[in-house]
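Worksheet for the structure shown next.
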Amino acid sequence: MNSRTRTAWLFLTPMIVLMLIVAVWPLTRSIWFSFTDTNINDISAGQWVGLENYFGEYGLFFNPNDEEGFWAGDWGISIRNTFGFAVVSVVLETLTGLGVALLLNQDFKGRALVRTAVLVPWAIPTIVSAKMWGWMLNDQFGVINTLLLDAGLIGHKIAWTAEPSYALWTVVLVDVWKTTPFMALLVLAALQTVPKDCYEAARVDGVHPLRVFWRITLPLIRQPLMVAIVFRLLDSLRVFDLIYVLTSNGSSTISMSGFVRREMVEYGNMGFGSAASTSLFLIIMLTAVIFLRLTRVKLAEDQP
């Protein structure tokens, strides 16, 4: 081993040790607990149950022979809610963030001030913004209901975060309001790297602005845009705090992280909760791999 290699390992060792302590060891312990019936009241008394927490009669992926089956259970509902929240929120944030970034990329008076103002929702801590929106959406004293009633858009006050038909989509809109600046910031950074010569040539040739966007802007920022989407997708699949604060983790809006928290903290089922936690980790990892694979194949097909 030469001196360069030894120096590299010398600098890498503290980071590796830290990763083992804060990531690998807790994950390994959680996976171990998922194969036991451990209870939070006495962790040392847990017994090995194998795959019972996953596929047993009361396991996460048990599918009884009825019409509703797996998706009618709490874990199935939490998966459905999480992916519904993630897909809709990421699509809306991407489209809105792209529009905001294109606007902020233009030269106009006061652009620096507008850029700073756009970042305010993202700078507010999630818990604070969730409580703020919770007050505004309250069905008794919330300003949102008052404004909609005064405008004649609704006929009565609506419990936006309590009624099952509204709750999840209300959370989606709050998340879009908070996280769109993050997407806009990433897209704006990508737009800053696009050569100005491309736009000048298109303007001289009289190319329509929409055609410039589809043929020049979008292809040149596609890869950074995909990276931003991956970041937001993985983050949204782990959503907990926003849903928990706005809807108290109700059964109609519970996410996978909320399900894990409920089983481990409220019910004390460390074994079952660890099985859900391990499944959440695998689901997120599999989703990331599939998404990256699909986008990489698409990019390869576009090449001549």
Side-chain angles (χ1 to χ4, degrees), residues 22-46 49 51-56 58-62 70-90 124-134 137 161-162 164 167-172 174-175 178-179 232-288:
V22 304
V24 178
W25 168 243
L27 177 61
T28 304
R29 188 170 174 81
S30 180
I31 294 174
W32 166 259
F33 280 146
S34 71
F35 297 109
T36 68
D37 61 356
T38 304
N39 189 277
I40 197 172
N41 295 321
D42 190 359
I43 296 179
S44 60
V49 296
L51 296 174
E52 192 71 19
N53 288 326
Y54 293 95
F55 304 105
Y58 299 101
L60 288 171
F61 299 99
F62 175 66
F70 164 75
W71 296 108
D74 286 349
W75 180 240
I77 292 174
S78 69
I79 293 176
R80 211 167 49 204
N81 288 342
T82 303
F83 274 92
F85 169 87
V87 171
V88 176
S89 63
V90 171
I124 299 175
T126 303
I127 300 298
V128 175
S129 62
K131 291 298 294 183
M132 177 183 70
W133 278 99
L137 292 165
T161 59
L168 184 61
W169 308 119
T170 300
V171 175
V172 167
V174 174
D175 185 69
K178 174 171 175 53
T179 319
R232 273 303 303 141
L233 180 63
L234 299 184
D235 189 47
S236 60
L237 288 175
R238 298 183 294 106
V239 63
F240 167 73
D241 45 6
L242 193 62
I243 292 178
Y244 186 79
V245 173
L246 283 174
T247 68
S248 300
N249 218 32
S251 59
S252 63
T253 59
I254 189 171
S255 65
M256 289 189 285
S257 296
F259 181 92
V260 172
R261 186 260 178 196
R262 187 188 70 182
E263 293 297 326
M264 297 183 72
V265 177
E266 293 184 15
Y267 298 166
N269 298 325
M270 286 288 293
F272 189 70
S274 295
S277 176
T278 303
S279 299
L280 171 59
F281 167 73
L282 294 175
I283 289 172
I284 292 177
M285 183 177 68
L286 183 61
T287 302

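Note that the structure is predicted; figures quoted are calculated from it, not measured.
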> How long is the span from the CD1 atom in Ile254 to the CD1 atom in Ile243, to the nearest 0.5 Å?
Replying inline: 9.0 Å

> Can you tell me how far the OG atom of Ser257 sits from the CG atom of Asp241, to the nearest 0.5 Å?
Replying inline: 9.0 Å

> How long is the gap from CZ on Arg29 to CD1 on Ile31, to the nearest 0.5 Å?
Replying inline: 13.0 Å

> Sequence neighbours excluded, which residues qualify as ring-ring contact (aromatic ring centres under 6.0 Å, His included) partners of Trp25?
Replying inline: none

> When you look at CZ of Phe35, are more than 12 heavy atoms from neighbouring residues, nucleotides or ligands closer to it than 6.0 Å?
Replying inline: yes

>> Under a 3.5 Å distance rule, please check whether Asp37 uses its side chain to pair with a backbone N or O of Gly271 as donor and acceptor.
In response: no

> side-chain contact (heavy atoms from CB on, under 4.5 Å) with Leu246: which of Thr170, Thr253, Val174?
Replying inline: Val174

>> Looking at every non-hydrogen atom in both residues, tell me the closest pair between Ala130 and Leu242 and how far apart they are.
In response: CB-CD1, 3.7 Å

>> In the structure I gave you, are the side-chain heavy atoms of Tyr244 and Arg262 within less than 4.5 Å of one another anywhere?
In response: no

> Can you name the nearest heavy-atom pair linking Ser34 to Tyr54, along with the distance?
Replying inline: OG-OH, 2.8 Å

> Which distance, rounded to the nearest 0.5 Å, do you find between the CG of Asn41 and the CG of Asn269?
Replying inline: 9.5 Å

> Between Asn81 and Leu168, what is the shortest heavy-atom contact and its length?
Replying inline: OD1-CD2, 3.9 Å

> Are any of the side-chain heavy atoms of Leu237 and Phe83 separated by less than 4.5 Å?
Replying inline: yes

Please tabulate, for side-chain N and O atoms in residues 276-283, each donor-acceptor pair with protein atoms closer than 3.5 Å (sequence neighbours left out).
{"residue": "Thr278", "atom": "OG1", "partner": "Ser274", "partner atom": "O", "Å": "2.9"}
{"residue": "Ser279", "atom": "OG", "partner": "Ala275", "partner atom": "O", "Å": "2.8"}

>> Would you compute the distance between atom CE of Met264 and atom CG of Asn39 and round it to the nearest 0.5 angstrom?
In response: 11.0 Å

> What is the minimum heavy-atom distance between Ala288 and Leu234, and which atoms define it?
Replying inline: CB-CD2, 3.6 Å

> How close do Ile79 and Met256 get, heavy atom to heavy atom, and via which atoms?
Replying inline: CG1-SD, 3.8 Å

>> When you compare the side chain of Trp32 with that of Thr28, does any pair of heavy atoms fall below 4.5 Å?
In response: no

> So, the side chain of Thr36 versus the backbone of Gly46: is there a donor-acceptor pair under 3.5 Å, distance only?
Replying inline: no

> Hey, does Trp133 have a side-chain heavy atom less than 4.5 Å from the side chain of Val245?
Replying inline: no

> Does the salt bridge (charged side-chain N to carboxylate O under 4.0 Å, His left out) test come out yes or no for Asp175 and Lys178, once each step is laid out?
Replying inline: CA-CA 5 Å; Asp175 185 69; Lys178 174 171 175 53; over 6 Å; no

>> Using 0.5 Å steps for rounding, measure from the CD1 atom of Ile124 to the OG1 atom of Thr126.
In response: 10.0 Å

> For Leu233, does its backbone N or O pair with a side-chain atom of Ser236 as donor and acceptor, under 3.5 Å?
Replying inline: yes

> In terms of the angle between their ring planes, are Trp75 and Phe259 parallel, tilted or perpendicular, with boundaries placed at 30° and 60°?
Replying inline: tilted

>> Going by the rule ring-ring contact (aromatic ring centres under 6.0 Å, His included), which residues pair with Phe85 if we only count those two or more places apart in sequence or in a different chain?
In response: none

